[in-house]
Amino acid sequence: ILASGRNEDQRPALAYLSGYVAFFAGDMAVAITELQSASQTDPFVLALLARAFSARGEVAESREFWQRAAAASHGHGLTVAFSRRWAITR
């Protein structure tokens, strides 16, 4: 889909999906790499990044992404609700 060059706007969604799958498969290195290519304004992506860094013991990076997730948690939706709750309880 992306190789055709006609769907570049889908690249962040693919990175999110790949990062999400890697995260729940336990591959935090791949999760971080992929999620960093996803939307950096999406609080759920930022919360997943915080959790991935935390799982690797990278406390400073985790804290940074929790703060960014908390600041970006606006609007309504299930993923915003999850990320807001995760971020404010950290």
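Numbers for residues simply follow the sequence, beginning at 1.
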Show the atom names and distances, to 0.1 Å, of all donor-acceptor pairs under 3.5 Å that link a side chain in residues 20-30 to residues at least two apart or in another chain.
from, atom 1, to, atom 2, distance (Å)
Asp27, OD1, Val30, N, 3.3

Show me, pair by pair, the donor-acceptor contacts under 3.5 angstrom made by side chains of residues 44-61, not counting sequence neighbours?
from, atom 1, to, atom 2, distance (Å)
Arg56, NE, Glu58, OE2, 2.7
Arg56, NH2, Glu58, OE2, 2.9

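Of all non-hydrogen atoms in Ala38 and Ala15, the two that sit nearest each other are N-CB, 3.8 Å.
Note that CG of Asp42 is 7.5 Å distant from OH of Tyr16, once rounded to the nearest 0.5 Å.
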